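Beneath this line is the structure, given in C-alpha cells, with notes to follow.
This is a predicted model, so every value here is computed, not measured. All chains are named by letter (A, B, ...) in the order of the sequence lines, taking the proteins before the strands, and each is independently numbered beginning at 1.
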Amino acid sequence: MARHLITSAIPYINGIKHLGNLVGSQLPADLYARYLRQRGHEVLFLCATDEHGTPAELAAAKAGKPVADYCAEMHDVQAEIAAGFKLSFDHFGRSSSPQNHKLTQAFAGRLSDQGLIREVTEEQVYSNADGRFLPDRYIEGTCPNCGFDSARGDQCDNCTKQLDPTDLIDARSTISGSTDLEVRETKHLYLRQSAVKDQIAKWIDSKADWPILTTSIAKKWLTDGDGLQDRGITRDLAWGVPVKNGDADWPSMEGKVFYVWFDAPIEYIACAQEWVDAGKGNEWERWWRTDAGADDVTYTQFMGKDNVPFHTLSFPATIMGMDEDWKLVDYIKSFNYLNYDGGQFSTSRGRGVFMDQALEILPADYWRWWLLSHAPESSDAEFTWESFQTDVNKDLADVLGNFISRITKFCRSKFSEAVPEGPTYGPTENQLIADLTAKLAEYQGHMDTMEVRKSAADLRAIWVLGNEYLQSVAPWSTFKTDPDQAAMQVRMGLNLCRLYGVLSAPFIPDASADILAAMNASDAPWPDDIAAAVNTLQAGHAFTVSDITFRKITDDERAAWAEKFAGTRD
RNA sequence: GGCGCGGUAGCUCAGUUGGUUAGAGCGAUCGACUCAUAAUCGAUAGGUCGGGAGUUCAAGUCUCCCCCACGCCA
C-alpha cells in the first residue's frame, strides 16, 4: 500500500466552471483518486475554491453583496456541483480560510527571513472614482500609436503595440468608466524567484517522465529572455490575505494583501489543515511535511496548461525558498484545452456547456465517460454534440448497458433472478479469463501512469469481451439442447456484470454502484485474480434485473441542446 | 514577429529507444445471431503518414527548409 496526495487546480470562485475546466483538472484527478483508493492505497484528494483578487471583488459588487458573502455562497454552489459530478474530494476547502491566511503569512515571513523577498516601489494607476488601484487589464484608452480607442493598459489589441497604462490617451477605468485616474506610488513585495532559478531548472530537468506539455512550458519560462523573473506577490486590494510577516505586522505594507497567485497554491497545504479541523482526518503534516512522515507520499497535481507556470515555477520557488521540510510535487499531469463545437468555451459569452447545466440534462456518468475518454492529453480536443451522442450511446448504452440488460433478462426468463447452477468453467471460459487478465493488466498500467484516454479504451475493451463471449457461446442456443451448460454460461455473464461494476467505478461511479447493487454485491474489492473474481457469485445468489442502466440520447435532444448551448447564458 | 503543441483512413485519435504487409474506436458496406436498450458479434473498407530535401541497409519515427491550424508571449 502506498500513500498518494492528489490535488486538482483550484477553480476560481467567480462563477460556474464549464466542461473544459472540469476535464482539465478536477475530473481526471478524481479518476486517479478513485482508482488508487480502489487499489487499496491511502489517498488524500484535495481541492478548494480560489477566492481572492479583483475579479471576485467585482463579481460581488455586481451581485450587490459583500465579497465575503458572495464567496461563501459561490463556494457552496461549486461544492454542490462538484458533489453532483461525484468528485470525491476528501475536502473541498477555501483559499480564504483562516488556516490559509495564517499559513500564507507564515510562508511570507519565512521567505523574508531567507532573504527571498524584496520591497519594490512602483507607480500604478489609481482610480479615484473606483477607490482602487487598477490592474492593467482594467484600464482602457486610445492607443497613442494607432488611435484605436479601446486599447488596454498593457497592449493595444489593434496594432499589438505593447503599452504602459500611462501611455494611453483619455485613459478610463473599465470598471466604472471614470477618467479620473492618477498615477500613484505604491510599495510591493517581490518574491526573488531569480535566486532559486537554477535550483528549479535542475529540478525540472530531473523530471524526464513528466508530460512534454508540462516540462516544455516550464522550460520556456526558465530560459526566455533573462530567465525566471522576480514576481510581485502583493496587491493593493481589500479582499485577500493581509500582508503580514508571520504573526507580526509588515511595516509600510498595511492595508495590502498577498497576490492571489501567492496564496492560492499554499491553500493546497492549508486545505489539509481544514480537512483535519473539519474532523475528517488527522495529522495533516504526515501528508505535507517530510519530517513528519510525508517522505513516502507521492504527490500528484492535475491542472490545465494555463496553470503550469505557477505549479512548475512559482509554487516550487516558494517551497524551495522556504528551505524547510515541505513536500514538493512529484508529478504534474497537465491538460490541453477542450474546445466547444469549433470554437472555445466562453464564460463571458455563455458559449458551451457549464457544469450546472450539464447535470440538469444528463446524469454525471454520461459526462464523466465522454470527457475522460476524450481528455485533451496530447493536444486540444473538441466537444461536439454528434460525438457526444454517438459515443455515449455506443459505449455506455450499447456496449455496457445492453450487456447488463441482456444477461440479466435472459437469466430471469430461462432460470430465475438468482445465479443458476451449472458445471465448472470450461476451455472457452478459461480463454475469456486469460483475455480479461491481459486486458486488465493493460488497464491498470494505463491508470497507473494516468493515461486517461487509453485507460478508457482499455475499460471499453473489457466490456466488449463480455459481449464477444456471449455471442460465441450463445446461451440462448445452448439452452435448447443443454440447459446445464447454458446455466454455467449465464453464471459467467452475471459474474462479469459484477466485475464490470468494480472495474468501471473510477469512470462511472453511479452506474457502477447501481450495477453492484443490482448484482447484490456489496463487497466489491479490486480483483487480484480474474479467475477468482468470476467465481464470486455462486449458484443461488440472488440479483435483480434493473431498469435501463443508460438510456440513449435521441436525435431530437441532441439538436435541441446544440441550439440551446450555442448562444448566450442567462 | 518569437516560442509551444499539433497536422496519420470520412470523423476522433494510437503509433515506444528509426525495422516485418501503418493500427484502434466511430461512421459506411456485407454477413451471422436473435438473449438484449433495432442491441451484439464477425468480415471488408486500398490513408502519397501536411509538402520538399537530406542522413541511413531501413523513417510516420532523426536533421534542415517550407505550408496550415491552434495557443502563449513580446
Side-chain angles (χ1 to χ4, degrees), chain A residues 20 154-156 159-164 208-209 211-226 229 304-309 334-339 342-344 369-371 373-415 439 442 445-446 449 451-461 463-480 486 489-490 493-494 497 545-554:
Chain A
D154 50 352
Q155 179 182 27
C156 174
C159 69
T160 74
K161 184 177 171 62
Q162 184 192 1
L163 301 172
D164 193 82
D209 63 330
I212 293 171
L213 182 65
T214 304
T215 52
S216 66
I217 292 174
K219 286 176 181 173
K220 169 182 161 40
W221 282 69
L222 279 166
T223 57
D224 253 26
D226 297 326
Q229 299 298 299
K305 59 184 171 185
D306 52 326
N307 274 327
V308 168
S334 56
F335 290 85
N336 288 283
Y337 292 144
L338 179 70
N339 290 319
Q344 295 184 334
W369 175 255
W370 192 90
L371 291 170
S373 60
H374 295 75
E377 290 176 298
S378 57
S379 64
D380 289 354
E382 173 108 349
F383 176 92
T384 66
W385 286 102
E386 290 74 15
S387 169
F388 180 68
Q389 181 196 22
T390 57
D391 293 345
V392 163
N393 284 352
K394 187 72 181 175
D395 297 347
L396 295 183
D398 295 346
V399 175
L400 176 62
N402 181 58
F403 176 79
I404 307 294
S405 182
R406 67 192 298 204
I407 189 64
T408 53
K409 287 177 180 173
F410 180 75
C411 183
R412 178 176 63 184
S413 76
K414 301 301 183 193
F415 300 97
K439 215 50 182 170
E442 283 183 41
H446 286 139
T449 52
E451 296 197 62
V452 178
R453 283 184 180 224
K454 289 179 180 175
S455 298
D458 291 335
L459 178 58
R460 187 186 188 283
W463 297 338
V464 168
L465 286 176
N467 282 314
E468 288 177 1
Y469 170 74
L470 284 190
Q471 207 62 36
S472 68
V473 299
W476 48 90
S477 297
T478 314
F479 185 80
K480 294 170 187 167
Q489 294 163 347
V490 169
L494 293 169
C497 291
V545 176
S546 49
D547 294 334
I548 299 296
T549 309
F550 294 100
R551 73 170 185 82
K552 293 198 186 191
I553 298 167
T554 66

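Look at rG1(B): its Watson-Crick or wobble partner, with both distances under 3.5 angstrom, is rC73(B). The partner of rC62(B), taking Watson-Crick or G-U wobble pairs whose two distances both stay under 3.5 Å, is rG54(B). A 3.5 Å limit on both hydrogen-bonding distances identifies no Watson-Crick or G-U partner for rU34(B). Pairing of rU12(B), defined by two Watson-Crick or G-U wobble distances under 3.5 Å, is identified with rA24(B).
R406(A) places a side-chain heavy atom less than 4.5 Å from the side chain of N467(A). T408(A) is listed as a side-chain neighbour of L494(A), based on a closest heavy-atom distance under 4.5 Å. Under the 4.5 Å side-chain criterion, counting only non-hydrogen atoms from C-beta, K305(A) is in contact with Y337(A). V490(A) has its side chain out of reach of K414(A): every pair of non-hydrogen atoms, C-beta onward, lies at least 4.5 Å apart.
The listed nucleotides are rC13(B), rC26(B), rG15(B); the one nearest the side chain of A381(A) is rC13(B).
The two atoms that bring E377(A) and V452(A) nearest to each other are OE2-N, 2.8 Å, heavy atoms only.
Each of K454(A) and W463(A) has a nearest nucleotide on RNA chain B; the 5'-most of these lies closest to K454(A).
In this pair, W463(A) and W369(A) present their aromatic rings tilted. The plane angle is within the 30 to 60° band.
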Quiz item: Tell me, for nucleotides 35-40 of chain B in 5' to 3' order, what letter each nucleotide earns: B for a base near a protein heavy atom under 4.0 Å, S for only sugar-phosphate near one, - for neither?
Solution: BBB-SB

